[in-house]
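This report refers to the structure that appears directly beneath it.
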Amino acid sequence: MNKNLPSVSHSPVTIHHSRFCLLLVACFVMLSAQAQYQMEFLTRGVYAVPAGNGNVFVSWRLLGTEDNNLAFNLYKKVNGKTSKLNKTPLLKATGFMDEAVDTNAVNVYTVKAIINKKEQAKGESFTLAANAKPYLSIPLRTPTGYSANDASVGDMDGDGVYEIVIHMTGRARDNSQAGMTDPPIFQCYKLDGTFLWEINLGKNIREGAHYTQFMVYDLDGDGKAEIAMKTADGTVDAKGTVIGDSTKDYRNERGYILSGPEYLTVFNGLTGTIISTVDYDPPRYPTLNPTTDELKKIWGDGYGNRMDRFLACIAYLDGKHPSLVMCRGYYTRTVIAAWDLKNGKLVKRWTFDSSTPGNEKYAGQGNHNLSVTDVDADGKDEIVYGQMTIDDNGQGLYTTGIGHADALHVGDLDPNRPGLEVFSIQERFGDAGANFRDAKTGEVIWKKASVKAGDDGEGPGRGLALDIDPRYPGYECWVAGAGIRGLFDNKGNVIADKTPPCNMGIYWDGDALSEILNGVYIGKWDYMNSKMDKLFDGRDFNCISNNGTKANPCLSADLFGDWREEIIARTADSKELRIFSTAIPTEIKLYTLMHNPQYRLSIAWQNVAYNQPPHVSYYLGDGMKTPAKPTIVITNKK
């Protein structure tokens, strides 16, 4: 109850009545804040990976619907003989190092849960092939002239195992670059390599990091994921069905697409066929063929740069059901439209427009990325859109006015203060080149000015927040460039002169600290000596990163096994995806990160524009407490 309630004299009856009313209010608030998010069914996710020297590391999921004290038994079948590997029930972590492996034979590992001291009859298994390689291989049907780029995952058939959607890119251009591009192509594969479908968006969708953001998620709660993207005349689904008029070509002489109809389409995740198509909101202009001057008046330029900056995400705006959120613009005007997939049709929930009277202060505050979480603890998601945040009802919650940036991190970055925090940067030279704020209120807690030096054209281009130094509670923060030097603690104090690469993070080794993911390289920050120690390098397996200097794998996510993360990377010739998982044991036991709603939504938006690492909604770092069981309900439990 609220300790700040005024002290008033009451009769006994009034006191009882008041307490009852307050109890009802408190219960209502608690129920509102504990709304159950619909989440996908996942299997145990047993996975085995060679660990060198004849050893094999086996790990599996603790599901978000299970008790943290759940114990397991692990069995191995080899050459027809089955044996139990653990002497006592495995309780401390969901992993085991098998140090007696015949690597020339097929090894089948089976995990069985123990409930009320009784081993369950049904278990889940993983078959490790003889002489197995330390990765899963998925051969690709890469079109000529294309290469594999960003990926996402979703359970397309409801069996509790993820499928992979891969964005195939040919000629691509930034919005600021003229030139023709190749049609964006999307393909879907099962983890065993089975090819499911291909969608071609056609020549009237320009290719580049800021144009096509693809959302893979179970939007209608049937236990099977869909994929949603912006489409146009000439988009072709997996069965050959064409959207609009395939004869139309709206590209101008500079390769930009400034006219013609624009659509939003949800496709069936298993078949790649069209479910629902609507007009894209917002359009470039109220008419289909606007002039350059008309576009410039609305967006700030007339050649298709600011107008065609797109973002997207999934958010639980009602605290239970996922909504598709499609966004346009962030340098000037910003429009965000939320959609629900109901009975096979896209239905508009709300639209936020910075051009609406009263919303002007929200213009120009977006990033090349975004995040989604419940910042105000009301059980419903908000959209952290750079330096502004949009409430679950489509109204502006706050804006800091700091302006556009390239990096964004949202989570419990400072466990010693209540709620969540946001670390971001500022692209222009100003007093907030690095800035740290309260996620609920927008209060700027600390900031660092960027300094122009020499021929520098803009402020910092990268910023990162991870827990990499256990000597300081919470996350450390750092920035690349613009004269902002050093590693900061979450109070803004400089704790080291040198910093790690400023790219992405990943959980890979056995402790609660984050590792550094730079391209397809994973390193451990040696905080005592301010240097990187190599843990893994995908280049040793002929794998390379995507997106030039942005340098990210196709995807980093907790795909199977225990709570640590995998990376999906492409081979240098883009003929294969390879999925790598850690072989390092851990004593930390956590629910699968994919059952933390903020983390799961982070995987959905990771492909958007400038990729950022996912974060959970609780403090995951050195000295962490055991997180509470997530408030989720499984949609398709078999």
Side-chain angles (χ1 to χ4, degrees), residues 37 39-49 51 57-72 74 90-97 109 111 113 124 126 136 153 155 160-162 191 373 411-412 415 466-468 470 475 504-517 522 524 535-536 553 555-568 579-604 606 613-632 634:
Y37 288 37
M39 297 294 287
E40 61 209 339
F41 162 71
L42 295 174
T43 65
R44 183 67 62 198
V46 183
Y47 186 69
V49 58
F57 179 64
V58 187
S59 70
W60 54 93
R61 293 182 178 114
L62 178 67
L63 301 171
T65 53
E66 298 176 323
D67 292 332
N68 187 268
N69 61 1
L70 189 65
F72 300 91
L74 176 62
L90 298 171
L91 178 63
K92 199 167 187 179
T94 57
F96 185 90
M97 184 66 79
Y109 294 94
V111 173
E124 292 187 15
F126 179 83
L136 282 181
V153 294
D155 181 10
V161 178
Y162 287 121
L191 290 183
T373 191
D412 192 0
L466 304 169
D467 186 18
I468 58 172
Y475 282 39
M504 297 183 74
I506 190 170
Y507 295 105
W508 190 263
D509 69 4
D511 62 29
L513 297 173
S514 179
E515 285 64 63
I516 307 298
L517 174 59
I522 298 173
K524 186 73 172 180
L535 295 180
F536 170 84
L555 185 72
S556 64
D558 179 14
L559 300 176
F560 40 66
D562 63 27
W563 59 274
R564 271 90 56 82
E565 297 169 293
E566 284 69 44
I567 63 171
I568 304 176
I579 306 179
F580 299 92
S581 187
T582 186
I584 303 172
T586 182
E587 295 186 352
I588 298 174
K589 186 178 184 181
L590 294 177
Y591 295 111
T592 173
L593 302 189
M594 293 296 248
H595 272 170
N596 177 262
Q598 177 179 325
Y599 182 92
R600 181 63 185 91
L601 297 177
S602 299
I603 300 308
Q606 190 181 134
H615 297 290
V616 294
S617 59
Y618 55 86
Y619 172 58
L620 204 174
D622 185 72
M624 67 180 292
K625 299 177 181 178
T626 301
K629 182 184 292 188
T631 54
I632 60 174
I634 303 304

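- A side-chain donor from one of Tyr619 and Asp467 sits under 3.5 Å from a side-chain acceptor of the other.
- With no hydrogens or angles considered, a side-chain donor-acceptor pair links Ser617 and Asn596 at under 3.5 Å.
- Checking side-chain atoms of Glu515 against main-chain N and O of Asp509 turns up a donor-acceptor pair under 3.5 Å.
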Subject >> Working for side-chain contact (heavy atoms from CB on, under 4.5 Å), residues Glu566 and Val49 >> reply: CA-CA 12 Å; Glu566 284 69 44; Val49 58; over 6 Å; no
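- Across Glu565 and Tyr599, no two heavy atoms sit closer than the pair OE2-OH, 2.6 Å.
- Side chains of Gln606 and Ser556 form a contact here, defined as non-hydrogen atoms less than 4.5 Å apart.
- Formation of a donor-acceptor pair under 3.5 Å by the Lys589 side chain with backbone atoms of Asn68 is found in this model.
- The two residues Gly510 and Ile588 have their closest heavy-atom pair at O-CD1, 3.6 Å.
- For Phe560 against Ile579, the heavy-atom pair with the smallest separation is CZ-CG2, 3.8 Å.
- Residues Tyr47 and Phe126 place their aromatic rings such that the two centres sit under 6.0 Å apart.
- Asp155 places a side-chain N or O within donor-acceptor distance of the main-chain N or O of Gly160, the cut-off being under 3.5 Å.
- Closest approach of Trp508 and Thr582 over heavy atoms only: O-OG1, 2.7 Å.
- Using bins of under 30°, 30° to 60° and over 60° for the plane-to-plane angle, the ring pair Phe72/Trp60 lands in the perpendicular bin.
- Closest of all the heavy-atom pairs between Gly64 and Thr592 is N-CG2, 4.5 Å.
- Within the 4.5 Å cutoff, no side-chain heavy atoms of Arg61 are placed close to those of Met594.
- Between Leu70 and Ala113, the closest heavy-atom pair is CD2-CB, 4.2 Å.
- A salt bridge between Arg44 and Glu66 is present, with a side-chain N of the basic residue lying under 4.0 Å from a carboxylate O of the acidic one.
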